[in-house]
Amino acid sequence: MTAWDPSHPLLEIEHLSISFFTRLREIPAVMDFSCSVMAGEAMGLVGESGCGKSTVALAVMRDLGRTGRITGGAVRFKGRDLATMPDEELRRIRGREIAMIYQEPMASLNPAMKIGAQLAEVPMIHEGLAKAEAWARAREIVADVRLPDPDRILGAYPHQLSGGQQQRIVIAMALMSKPALLILDEPTTALDVTVEASIVDLVKALGEKHGTSMLFISHNLGLVLEVCDRICVMYSGEAVETGAIGDVFDRMRHPYTQALFRSIPLPGADKTTRPLVAIPGNFPLPHERPRGCNFGPRCDHFAAGNCDAADVPMFAVAGDDRHETRCLRSTEIDWAAPAKAARQAQRARVGEVVLRMEDLRKYYEVSASRLFGGGETRVVKANETISFEAREGETLAIVGESGCGKSTFAKVLMGLETATSGRILLYNQDIQDTPIEKRTTDTVSSVQMVFQNPFDTLNPSMTVGRQIIRALEIFGEGGTEEERRAKMLRLLDLVKLPREFAERMPRQLSGGQKQRVGIARAFAGGAKIVVADEPVSALDVSVQAAVTDLLMEIQRQNGTTLLFISHDLSIVRYLSDRVMVMYLGHVVELGTTDQVFSPPYHPYTEALLSAVPIPDTHVQKKRILLEGDIPSAMNPPPGCPFQTRCRWKAQVPGGQCEREVPPLVTLAPGHQIKCHLRRELLEGMEPVFTIAAE
Amino acid sequence: MMEPLGWGGILARAAVQFLPVWIALAAVFAVSIRFRRRLGLYGKLFDSGIGMAGFAIVMFWVFTALFAGWIITHDPLAQLSGMRNVAPGTPLASAEGLYPVYLFGGDSLARDVFSRMVVGAQRVLAIAPAATLFAFMMGITLGVPAGYFSGRLDTGLTFLANLVLAFPVILLFYLLVTPEIRATGIPTALAAILFLFPILFLTILWNSRFFTNPRKRSIYIGVTLAVGLWAYSGLAFNADPLGVFAMDPNLLNVFVAVVFVNAPTVFRIVRGLTLDIKTRDYVAAAQTRGEGPWYIMLWEILPNARGPLIVDFCLRIGYTTILLGTLGFFGLGVSPESPDWGSTINDGRRLLTIAPHPAVVPALALMSLVLGLNLLADGLREESLKD
């Protein structure tokens, strides 16, 4: 075995092609993929779902399963080809020199083993370390991943830890044998933003500390900007652009990269004056890829006879370091040209107040044992004193991390639960105590909901048209079957789906298309208020833009009030008129979008804003990391709900934060903050983002 | 008088007797494979070797039961002199107008084993799927609400189901078919309850779906109630005014026992599936548009639980077949003359050392049917997971 020279790439992938073989056909998943990672470098692999980025990672581990095969090219790790390496040797490299971190932390940990034993296993297997030594190393690494009280953690089972803590343990496990290369496959997608920010920070710091190279797979451009040195953008099985992160972000040379950046809401985008530009068309299926450039059919710069003539190789971009693009016309296109002016729309008229909540509370009683009674009953305070009003034609965003009570709030509004106290006024009518079965059809059809998970929102065993017609039947729309059918087709037109889709089954639709059907169904009864529960968070970025656009357009036409529940502050900033920030059941800040996104902030809003990764090299962000996890709603801290993680707590004299729930203070007309901080302190806060001059 | 047949001759003649079955099988397979891409899960079955094998075996017995009249060589109850315990392939002593040979030999009462096996298939396949279907109706009608509403209802029903499951099955059968218990009227009462479930199920099904369109609802429910209650009067109480539906009281007992034993297991499966599916967004969507609980249970949840239920249905027909065999073996609930496989095995048991064939033939038949059902279930499970 020849020694490896660190001046050569640690991982070198050359013209790699991977196919999966099914009974029907060969499905090429990755074609002609090349990239190299130097020692200590972090490489970001970006692309939409189905583009082959995870397949590349699995090929590096040579873990393609029974049906996958490397059909061409080489994967060299420290100069040795992994594709042809015997299994025995490969086993020594896996886990020891190359470690992998997956998306679902709970699925990567053995639920029946204590954390300490799982961690110690790694050096015991790979290096033959004695048990005591291995445990000592485990303890050290747990402290390294910044988990408090390592001894307690080592003795715990995975289910006793929170999601963030579990992911830290998975990272610790990957680091146990000090690997040279770390592969991270969407390591933070399942986590909340503030937790994500601290994990990303940790990964970066550990990479620098140990000199570990990283292959960071993500669909989130902002995250990649924060973590990586170099980036590789993938589209439909091919790398379309690769280069240093600054080069690709500021001087992109592939139309897909550009289209991707134009479809995500950057600061400055605005739903009326500078709307997002969705990428037209759909992602090609692996066996239906076009001839020539894969992106050709969706590209604005497509030149027939040129782009679709033959396979496109990678071209170096002159002037940049290792910056390549798979575009024939990269030197001809005017990259600085602004996006084709998308239709500018009129801002929706904001009308009368349609929905008002006053001091709404929702408590759940949870008893220890239901069958035999007894046991202490505990109260979960899911919503505490929520007051706000929403007007016709307005978009009110409700922002918060998991467990903040936003879903409970939606349930109470929809009537799936009744309020514990307080009032909900819909067109000046009390509905807080009316469960859905007692509500009139009119009330029910005027408050509807769009759900989060597109794969779950439609009944898989009923045709799309049937499901919409059923909603029409229930809402008493249309007198006869024919009228309802016509109305259903008009609804499909409204959400810009072809009419043939009426006969399709949900499984034949893509995620974005299903979400459109969900929207059509919600508007079946002419909904006045639509609660959209993270309607785009499960969709790919290019589809997100199109679905958001659709929601906005329908809102403008119908004057619908949109309650937009989300944790993604970029999209909230883009489309909402007012924002309500929730934490542990409390509304901590409420104001117009501009008021919430600029100082003074509630300390939680400040941290939340800072946690959002922004894919723009011109934006400077203040880093504020929150310590610890969100407390359980079963056992909330006394006083201010945020006091356990607040960095401003010391500024409030006399431990007031720990004793009293702060009052809602009105700082400016329409801007309320629930905080004990003095007004001068609040007003002296610095903005989280600053946009550097171009 | 002809020579006794060798094994080759026996199998060749048996194969000829099964000719209608072969033709039907070939037709079904040709059509199914031709159109398999358009036939959903059933079509996908023909992508899997295991599934196809299972389906072939099951359909073999189904067609055997259907065409039994053409396949049999002798009257299954006729006793021919000189044919007691004769070996397979023995020719008849005087074959005037009769099939000249006992293909699989004769039993202790000089009846043709081959014909009894064929007619036995008819008995087994008439009861097992029907009993399983009723067990499913009952399990679903109780299991879906238990899972959907949870709480007290669930606790109570699950307790009852466990109670039935905790009771030894064979003992339960003995109890249900003993004359003393029958005299108390318990089996009839149970039958009255069990047969009510399908009617209840269908009525709720139509009502929840079509209450927005009263005319359609009235037609569907009217037809269901008319046909259902008519059949009900005949099957449960043997009081059909027109005399179309009737059930032998012995058979009714067996039927009730089998349904009663299977329903709790189905109940538990359905309940578990419901607990999972009710957390889906499309259920929440139905709730937020104000659908009633029965619509959600029967039209949103149940269709999406069908995959595991179809697989279980196939397996359960297999269990039921074994159960019927066991009942027959103990001589419970069926007339002593009955050619069903369980009682035939029992009859043949006594002379097993002298003449094994009267017991072995139905045993092999029973085994192959259950094997086929299991393979079919495996194939369905495998293919339903793929997409």
Side-chain angles (χ1 to χ4, degrees), chain A residues 22-24 370-372 407 410-411 413-416 435-445 447-462 466-467 469-481 484 505-507 514 517-518 521-522 524-525 527 531 533 538, chain B residues 36-38 40-41 44 46-49 149-156 158-159 162 208-217 276-307 309-310 382-384 386-387:
Chain A
T22 65
R23 252 188 303 205
L24 292 179
R370 198 183 261 150
L371 181 54
F372 298 106
S407 307
K411 275 188 190 159
L413 175 59
M414 304 301 301
L416 298 180
I436 190 146
E437 52 274 25
K438 300 238 176 68
R439 291 187 180 180
T440 59
T441 314
D442 225 23
T443 314
V444 171
S445 65
V447 187
Q448 279 296 296
M449 193 155 170
V450 177
F451 293 88
Q452 174 175 11
N453 186 348
F455 299 96
D456 224 26
T457 184
L458 300 180
N459 183 341
S461 31
M462 230 190 253
R466 194 72 251 155
Q467 302 200 35
I469 289 179
R470 178 67 190 180
L472 292 169
E473 273 174 22
I474 286 293
F475 296 150
E477 299 277 327
T480 62
E481 194 75 355
R484 281 195 281 267
M505 293 306 264
R507 66 166 182 281
K514 285 185 203 175
V517 178
R521 186 177 57 188
V531 181
D533 186 0
Chain B
R36 64 179 160 174
R37 293 282 160 254
R38 280 193 260 154
L41 181 62
K44 279 200 276 177
F46 293 89
D47 285 339
S48 131
F149 292 118
S150 316
R152 288 238 170 77
L153 178 75
D154 181 29
T155 315
T158 309
F159 181 76
N162 287 338
S208 63
R209 175 76 176 74
F210 294 113
F211 75 91
T212 50
N213 184 346
R215 217 169 60 99
K216 211 165 178 181
R217 169 183 66 177
D276 174 30
I277 296 175
K278 77 169 177 178
T279 61
R280 301 294 167 86
D281 279 350
Y282 51 81
V283 174
Q287 286 167 339
T288 55
R289 71 170 180 256
E291 296 280 8
W294 282 106
Y295 177 85
I296 296 177
M297 284 187 266
L298 298 184
W299 291 93
E300 300 277 347
I301 294 179
L302 191 58
N304 297 304
R306 69 179 184 278
L309 288 184
I310 290 172
E382 196 182 305
E383 292 303 320
S384 68
K386 285 185 198 157
D387 201 39

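Atom set for the values below is all heavy atoms of this structure, side chains included, hydrogens, waters and symmetry mates excluded. Letters go in sequence order (proteins before strands), and every chain restarts at 1.
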Closest-packed option against chain B by number of heavy-atom pairs under 4.5 Å, given R470(A), R521(A), E473(A), M462(A): R470(A)

Test item: R439(A) side-chain N/O and M414(A) main-chain N/O as donor-acceptor pair under 3.5 Å: yes

Proximity breakdown for R209(B) and chain A, heavy-atom pairs closer than 4.5 Å: both

A286(B), part contacting chain A, at a heavy-atom distance under 4.5 Å: neither

Those residues that, when tested against D442(A), pass salt bridge (Lys or Arg N to Asp or Glu O under 4.0 Å) (two or more places apart): none

Separation of M449(A) CE from T457(A) OG1 (nearest 0.5 Å): 9.5 Å

Those residues that, when tested against E477(A), pass side chain to side chain contact (heavy atoms under 4.5 Å, CB included) (two or more places apart): L472(A), F475(A), K487(A)

Ionic contact status for E481(A) with R466(A), cut-off 4.0 Å: yes

Short N-O contact, E300(B) and R289(B), less than 4.0 angstrom: yes

Heavy-atom contacts under 4.5 Å, residues 290-297 of chain B to chain A: G290(B), E291(B), Y295(B)

Leading residue by heavy atom contact count with chain A [cutoff under 4.5 Å; candidates T288(B), D281(B), I277(B)]: D281(B)

Leading residue by heavy atom contact count with chain B [cutoff under 4.5 Å; candidates G476(A), S461(A), G415(A)]: S461(A)

P506(A): side chain to side chain contact (heavy atoms under 4.5 Å, CB included) partners, not counting sequence neighbours: L458(A), Q467(A)

Test item: side-chain donor near acceptor, D154(B) and S150(B), under 3.5 Å: no

